[in-house]
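Please read the structure below before turning to the comments.
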There are 2 protein chains.
Amino acid sequence: MPLLLLKELPRFECLLEAAQRYPDLHPESTEAFLHLLRTTDLVFAADSRLLSQHQLSPGRFTVLMQLNRHPDLPETPATLADAAGVTRATMTGLLDTLEKDGLVRRSPAPSDRRLTLIQLTEAGTALMNRVIPEYFRNVAAMMAPLSPEERAQLVGLLQKIERNLPPSVD
Amino acid sequence: MPLLLLKELPRFECLLEAAQRYPDLHPESTEAFLHLLRTTDLVFAADSRLLSQHQLSPGRFTVLMQLNRHPDLPETPATLADAAGVTRATMTGLLDTLEKDGLVRRSPAPSDRRLTLIQLTEAGTALMNRVIPEYFRNVAAMMAPLSPEERAQLVGLLQKIERNLPPSVD
DNA sequence: AGCTTATAGTTTGGCCCCTAACTGTCAGCT
DNA sequence: AGCTGACAGTTAGGGGCCAAACTATAAGCT
């Protein structure tokens with residue numbers, strides 16, 4: 001996604017000016033909020049560009065990552081959806097295209113015909129073996145401008161915000 | 001959107017462990033990266049929940065915000081799309097539903113028949129007058145756990161990351 | 001055995017994003 | 001005047017998300 005943000009964030013001076021018109025506007029908070037969305041949009045877009053070179057999207061990658069963690073332990077659409085924080089309807093769609101591309105395999109569960117077992121195929125495993133190192137190098141490169149102390153600091157600040165918010169999915 | 005993240009981020013200890021399997025995995029960078037996506041997802045979801053109470057989405061809100069800034073200066077779909085960082089096709093769809101809901105009005109430009117002028121309707125203006133204060137209060141509330149110094153610090157750290165990344169749209 | 005409640009996965013329809021291609025219009029050139 | 005290239009906005013098709021509703025299956029109770 002882009003998050004549908006303004007391409008150029010308003011300067012802080014503009015926020016100060018707008019605060020005169022909108023008393024509820026808190027310039028420092030709004031600035032932090034907009035930068036958070038903006039930076040994440042850029043990070044996410046860079047991540048998406050890397051993944052798209054391998055015919056993957058962040059969503060598909062997350063599913064494959066989940067399956068790759070314990071390859072001998074099959075997952076179901078419901079457990080994958082729950083772990084990923086999306087609806088089962090969404091997961092059905094993701095699995096449809098992953099299966100079509102030969103990266104996962106669906107099979108019935110012997111003991112419960114409501115369940116479908118999902119496993120990585122050999123092609124899926126091979127793809128992940130190629131993508132994962134590159135993915136982590138890309139993540140490290142994106143975070144490289146921060147020193148180790150600054151990364152810890154960033155995590156601390158983000159956790160402070162996070163603790164104050166309800167989870168986005170049940 | 002949820003960003004299709006894992007509902008529970010891996011603990012840092014798990015990242016250390018995974019780093020043994022993936023030498024390119026940099027635990028501190030990966031932790032910061034995942035927290036950045038996670039926190040923004042939660043912030044964005046909270047923002048979306050507030051806006052959805054007013055039959056708005058972040059995208060529609062951004063468009064209305066842009067139109068609200070200079071109500072007497074009509075915009076065009078192309079200028080709105082460019083300012084918002086989305087394609088003209090996307091903007092057409094957003095304007096379709098905003099027009100259907102009576103929040104914006106499309107009219108032909110007298111001097112250039114390629115252009116469509118977009119303006120807020122009275123209903124659109126009234127809606128924005130109700131939503132904007134609430135929107136900024138919500139933003140301030142989400143950022144409230146950070147002190148003013150910490151907000152400035154967050155902005156600084158995010159800008160460091162941002163400067164190292166290409167823009168997500170041209 | 002039959003009924004009720006719950007679960008799994010899918011389908012439908014919609015929204016928001018994209019790319020590519022289309023139609024209509026304008027600007028500049030000859 | 002006519003042509004070419006560029007621009008504006010839309011359409012078509014697709015992916016990724018949602019909610020709601022559906023069908024099929026399982027568990028528990030009587």
Side-chain angles (χ1 to χ4, degrees), chain A residues 1-5 7 41 44-45 47-49 51-52 55-64 74-101 103-104 106-118 168-170, chain B residues 1-5 7 41 44-45 47-49 51-52 55-64 74-101 103-104 106-118 168-170:
Chain A
M1 46 84 210
L3 295 164
L4 193 57
L5 304 173
K7 203 153 83 182
D41 182 45
F44 189 84
D47 186 50
S48 298
R49 275 197 296 279
L51 294 172
S52 72
Q55 276 67 58
L56 289 177
S57 61
R60 285 154 63 92
F61 177 76
T62 299
V63 176
L64 297 180
E75 301 256 7
T76 68
T79 60
L80 290 168
D82 186 60
V86 298
T87 65
R88 288 176 286 119
T90 295
M91 187 53 63
T92 293
L94 286 167
L95 292 173
D96 280 349
T97 64
L98 287 169
E99 185 181 38
K100 179 160 61 80
D101 293 346
L103 300 175
V104 305
R106 273 172 164 126
S107 50
S111 59
D112 190 330
R113 281 166 30 205
R114 290 174 298 177
L115 302 180
T116 300
L117 301 181
I118 313 293
S168 65
V169 295
D170 80 295
Chain B
M1 45 83 207
L3 295 165
L4 194 61
L5 304 173
K7 203 153 84 183
D41 182 44
F44 189 83
D47 186 50
S48 297
R49 274 197 296 279
L51 293 172
S52 73
Q55 274 68 56
L56 288 178
S57 60
R60 285 155 62 94
F61 178 76
T62 299
V63 176
L64 297 181
E75 303 256 6
T76 69
T79 60
L80 290 168
D82 186 61
V86 298
T87 66
R88 289 176 286 117
T90 296
M91 187 52 63
T92 292
L94 285 167
L95 292 172
D96 281 347
T97 64
L98 287 168
E99 184 180 38
K100 182 161 57 89
D101 293 345
L103 300 175
V104 304
R106 276 171 163 125
S107 53
S111 56
D112 190 329
R113 279 158 39 194
R114 292 173 297 179
L115 302 179
T116 300
L117 301 181
I118 312 293
S168 65
V169 294
D170 83 291

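Model, not experiment: these values are computed from the prediction. Chain letters run A, B, ... following the sequence lines, proteins first, then strands; residues in each count from 1. Below, all heavy atoms of this structure are taken into account, side chains as well, without hydrogens, waters or symmetry copies.
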[X] [atom1] to [N] [atom2]: how many Å, rounded?
X: Phe61(B); N: dC16(C); atom1: CZ; atom2: C1'; answer: 17 Å
X: Asp96(A); N: dT10(C); atom1: CG; atom2: P; answer: 7 Å
X: Gln55(A); N: dG14(D); atom1: CD; atom2: P; answer: 17 Å
X: Leu95(B); N: dT11(D); atom1: CG; atom2: C1'; answer: 15 Å
X: Met91(A); N: dT11(C); atom1: CE; atom2: P; answer: 16 Å
X: Glu75(B); N: dG9(D); atom1: CD; atom2: P; answer: 11 Å
X: Arg60(B); N: dC15(C); atom1: CZ; atom2: P; answer: 9 Å
X: Asp41(A); N: dC18(C); atom1: CG; atom2: P; answer: 10 Å

Residue whose closest nucleotide on DNA chain D lies nearer the 5' end, Gly93(A) versus Leu115(B):
Leu115(B)

Earlier contact from the 5' end, DNA chain D, for Leu56(A) and Pro77(B)
Pro77(B)

Just so I know, are the side chains of Leu103(B) and Thr97(B) near enough to count as touching, which here means a heavy-atom distance under 4.5 Å?
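Leu103(B) vs Thr97(B): side chains apart.
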
Heavy-atom side-chain proximity of Asp96(A) to Arg106(A) below 4.5 angstrom:
yes

Please pick, from [options], the nucleotide with the shortest atom-to-atom distance to any side-chain atom of [X].
X: Arg114(A); options: dA24(D), dT11(D), dC26(C); result: dA24(D)
X: Thr92(B); options: dC17(D), dA8(D), dT10(D); result: dT10(D)
X: Ala89(B); options: dA20(C), dT10(C), dC16(C); result: dA20(C)
X: Asp112(B); options: dC18(C), dT25(C), dT25(D); result: dT25(C)
X: Thr90(A); options: dC17(D), dC16(C), dT11(D); result: dC17(D)
X: Arg113(B); options: dT25(C), dC18(C), dA20(D); result: dT25(C)

Any Arg49(A) side-chain nitrogen or oxygen under 4.0 Å from OP1 or OP2 of dC18(C):
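For dC18(C), OP1/OP2 do not have a side-chain N/O of Arg49(A) under 4.0 Å.
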
Does dC15(C) have OP1 or OP2 under 4.0 Å away from a side-chain N or O of Ser57(B)?
no

Looking at the base of dG9(C), is there any donor atom on it, or on the side chain of Arg88(A), that sits under 3.5 Å from an acceptor on the other one?
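Looking at the base of dG9(C), it does pair with a donor or acceptor on the side chain of Arg88(A) (distance under 3.5 Å).
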
How long is the straight-line distance from CD of Glu75(A) back to CG of Leu117(A), given to the nearest 0.5 Å?
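It comes to 10.0 Å.
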
CG/Leu95(B) to CZ/Arg88(B) distance, rounded to the nearest 0.5 angstrom?
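Leu95(B) atom CG to Arg88(B) atom CZ measures 13.0 Å (nearest 0.5 Å).
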
Work out which heavy atom in Pro77(B) is nearest to a heavy atom in Thr116(B); give both atom names and the distance.
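Nearest heavy atoms, Pro77(B) then Thr116(B): CD-O, 3.1 Å.
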
What is the nucleic acid contact for Thr116(B), judged by heavy atoms within less than 4.0 Å: base, sugar-phosphate only, or nothing?
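Answer is sugar-phosphate: Thr116(B) comes under 4.0 Å of backbone atoms only.
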
Please tell me which of Thr87(B) and Lys100(B) maps to the more 5' nucleotide of DNA chain C, matching each residue to the nucleotide holding its nearest heavy atom.
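Result: Lys100(B).
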
Under a 3.5 Å distance rule, please check whether Arg60(B) uses its side chain to pair with a backbone N or O of Leu51(B) as donor and acceptor.
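Not at all, since once roles are kept as given, no pair shorter than 3.5 Å links the two residues.
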
